[in-house]
Protein chains: 2
Amino acid sequence: MAPTPKGRATYHHGDLAAALVAATLEIIDEVGVRGFSVAEAARRTCVSPGAPYRHFADRDALVAAAALEVSRRLRAIYLETAAESGSAQERLATVAGSFVRAAARYRGGLDILFAPGLRATHPELRDSTREFVDLLLPSAFEVIAPGEGPATAVALLDALHALARGYVAQLLEGKFGDPDDVAEEVAIRATQAARALVAGYGVPSGHVGEVARDR
Amino acid sequence: MAPTPKGRATYHHGDLAAALVAATLEIIDEVGVRGFSVAEAARRTCVSPGAPYRHFADRDALVAAAALEVSRRLRAIYLETAAESGSAQERLATVAGSFVRAAARYRGGLDILFAPGLRATHPELRDSTREFVDLLLPSAFEVIAPGEGPATAVALLDALHALARGYVAQLLEGKFGDPDDVAEEVAIRATQAARALVAGYGVPSGHVGEVARDR
DNA sequence: CATTCAATGTATGAGCCTCTCACATCACTC
DNA sequence: GAGTGATGTGAGAGGCTCATACATTGAATG
């Protein structure tokens with residue numbers, strides 16, 4: 001009654017979980033998160049519609065797994081680019097910029113990594129980005145005004161994170177035009193904004209404007 | 001065959017479109033965008049499942065209408081808070097902060113206002129926020145370093161927008177804890193970060209760090 | 001008033017999707 | 001080489017989106 005798996009040599013797939021994640025990323029790149037369906041992922045993996053549920057509790061779990069894969073790739077990119085820049089200031093600004101660049105490459109991928117609902121319900125997605133904080137904290141410390149505590153360093157990183165994500169969101173929704181065309185330009189602008197932000201945090205309290213003065 | 005509209009006095013609803021938008025916002029607040037369904041909205045409005053399609057082309061159109069309603073409310077908040085602050089610097093920083101505060105109040109609402117897919121496909125949503133740029137441009141001009149052109153003012157607003165949205169995203173996904181609890185604190189932090197950003201743009205090129213130097 | 005008509009709702013249904021359950025198949029162990 | 005747990009299949013229940021044909025009604029028109 002369940003004899004011939006068609007489109008495949010063996011009855012068992014081998015590594016269905018990974019194949020499903022790959023298919024999911026493909027589909028989301030093509031039709032977006034809303035257009036994605038578990039059934040379609042199963043189809044592309046030449047597997048029955050019920051099979052994915054052996055590996056993922058529900059649709060969201062599969063999407064979350066795909067998002068986690070994206071965050072892994074993002075981390076790889078970070079490690080490449082972070083090493084090359086010189087000063088701590090530049091390193092922080094550069095990371096923000098290359099984050100935006102990565103967004104253009106992984107489009108749909110970042111859509112799910114930052115899909116409002118998913119991150120709220122799947123803590124592991126947040127953990128995966130929190131790791132970046134640890135990697136950057138030393139640089140943040142170097143950069144802030146002397147006399148400021150660790151809270152300020154973390155606040156700076158939160159601000160940078162917010163800034164970068166905001167640019168990514170605007171880029172992906174096409175605010176500046178076709179994402180592929182304007183990605184590089186937006187990345188440069190994000191880098192500049194990040195520089196400004198870092199500079200703002202580096203000025204001793206009360207020196208320029210009202211920077212970083214509590215309340 | 002289609003005789004008795006049950007749960008309602010009259011056959012015609014009166015203002016179904018508005019009622020559907022209200023129901024949509026309600027539902028999204030409760031179960032998120034993914035949990036929302038046109039059918040449920042129809043149910044809560046005591047109307048047949050097909051009725052909404054007389055007013056909205058498809059599911060996304062209804063959600064987009066709801067998002068537009070949210071942006072209208074947001075605008076009202078902006079107009080309240082923007083007037084009271086003194087200097088241009090403080091006005092820009094304050095707007096960023098009150099944006100974050102608004103996010104806590106309209107939770108689900110902002111989820112859809114910033115849902116990746118929606119904004120990409122429904123330009124009217126982007127137009128609604130672009131309006132804010134016009135309102136703030138004069139302040140931005142006041143703030144940037146003397147000698148900088150209008151492009152810099154727009155860049156500053158883009159950066160502020162990115163910053164605020166990034167904080168909203170982090171707030172809503174619970175990065176800092178229960179959104180209701182931490183909203184005020186995060187709003188203050190966003191305001192501070194905005195101050196730092198504004199300060200960074202206000203420093204003449206090459207003065208502090210590498211601020212705003214092209215490339 | 002009586003009639004007509006456009007707008008608004010209803011009923012029905014096709015097609016797709018999610019997720020469940022009982023059963024089939026296979027890799028591995030002892 | 002028999003047993004067993006993990007992995008896949010098939011069938012199906014229930015829900016959703018959206019299209020289509022039909023019912024109802026308020027308002028304009030004669």
Side-chain angles (χ1 to χ4, degrees), chain A residues 1-24 26-28 30-66 112 115 117-118 121-122, chain B residues 1-24 26-28 30-66 112 115 117-118 121-122:
Chain A
M1 291 197 184
T4 2
K6 50 187 172 183
R8 242 166 48 241
T10 58
Y11 184 95
H12 286 302
H13 181 283
D15 193 355
L16 183 54
L20 284 171
V21 166
T24 299
E26 243 186 56
I27 297 171
I28 289 179
E30 292 170 19
V31 297
V33 204
R34 278 256 315 137
F36 164 80
S37 78
V38 176
E40 175 64 20
R43 227 169 282 132
R44 295 204 189 185
T45 324
C46 301
V47 127
S48 78
Y53 292 91
R54 287 285 174 200
H55 299 270
F56 302 97
D58 53 23
R59 195 195 110 119
D60 275 5
L62 176 49
V63 176
I112 52 175
L118 260 196
T121 50
H122 292 251
Chain B
M1 291 196 182
T4 1
K6 50 186 171 182
R8 240 165 51 240
T10 58
Y11 184 95
H12 285 302
H13 180 283
D15 193 354
L16 183 55
L20 284 171
V21 167
T24 299
E26 243 185 58
I27 297 171
I28 288 179
E30 292 170 17
V31 297
V33 205
R34 279 256 315 134
F36 165 81
S37 78
V38 175
E40 175 64 20
R43 229 170 279 134
R44 296 204 188 184
T45 325
C46 301
V47 125
S48 79
Y53 292 91
R54 287 285 174 201
H55 300 270
F56 302 97
D58 54 23
R59 194 195 112 118
D60 275 4
L62 176 49
V63 176
I112 52 176
L118 261 194
T121 50
H122 291 250

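Letters go in sequence order (proteins before strands), and every chain restarts at 1.
In terms of position on DNA chain C, the residue among B:Asp15 and B:Arg34 whose nearest nucleotide sits closer to the 5' end is B:Asp15. When each of A:Ala17 and B:Asp60 is assigned the nucleotide of DNA chain D bearing its nearest heavy atom, the one mapping closer to the 5' terminus is A:Ala17.
For C:dG9, the OP1/OP2 oxygens have a side-chain nitrogen or oxygen of B:His55 closer than 4.0 Å.
When the C1' atom of C:dG9 is taken as reference, atom CZ of B:Phe56 falls 15 Å away, rounded to whole Å. If you take CZ of B:Arg54 and C1' of D:dA19, they are 10 Å apart, rounded to a whole angstrom. Between B:Asp58 atom CG and D:dA19 atom C1' there is a gap of 13 Å when expressed in whole angstrom units. Distance B:His13 NE2 to D:dT25 P: 16 Å, rounded to the nearest Å. Between B:Leu62 atom CG and D:dT17 atom P there is a gap of 10 Å when expressed in whole angstrom units. Rounded to an integer number of Å, the gap from CG of B:Leu16 to P of C:dT10 is 8 Å.
With a 4.5 Å cut-off on side-chain heavy atoms, A:Phe56 and A:Val38 do not count as touching. At least one side-chain heavy atom of A:Asp60 sits less than 4.5 Å from a side-chain heavy atom of B:Arg34.
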Identify all pairs in which a protein N or O lies below 3.5 Å from an N or O of nucleotides 13-16 of chain D, and state each distance.
{"from": "D:dC16", "atom 1": "OP1", "to": "B:Arg43", "atom 2": "NH2", "distance (Å)": "3.4"}
{"from": "D:dC16", "atom 1": "OP2", "to": "B:Arg43", "atom 2": "NH2", "distance (Å)": "3.0"}

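Here A:Ile28 contributes atom CD1 and A:Ile112 contributes atom CD1; the two are 4.0 Å apart, rounded to the nearest 0.5 Å. Within the model, atoms OG of B:Ser48 and CZ of B:Arg54 stand 9.5 Å from one another, a figure rounded to the nearest 0.5 Å. Rounded to the nearest 0.5 angstrom, B:Ile27 CD1 and B:Leu20 CG are separated by 9.0 Å.
When the nucleotides D:dT9, C:dT18, C:dT10 are ranked by their closest atom to the side chain of A:Ser48, D:dT9 comes out on top.
Heavy-atom minimum distance, A:Ala41 versus A:Thr24: CB-OG1, 4.3 Å.
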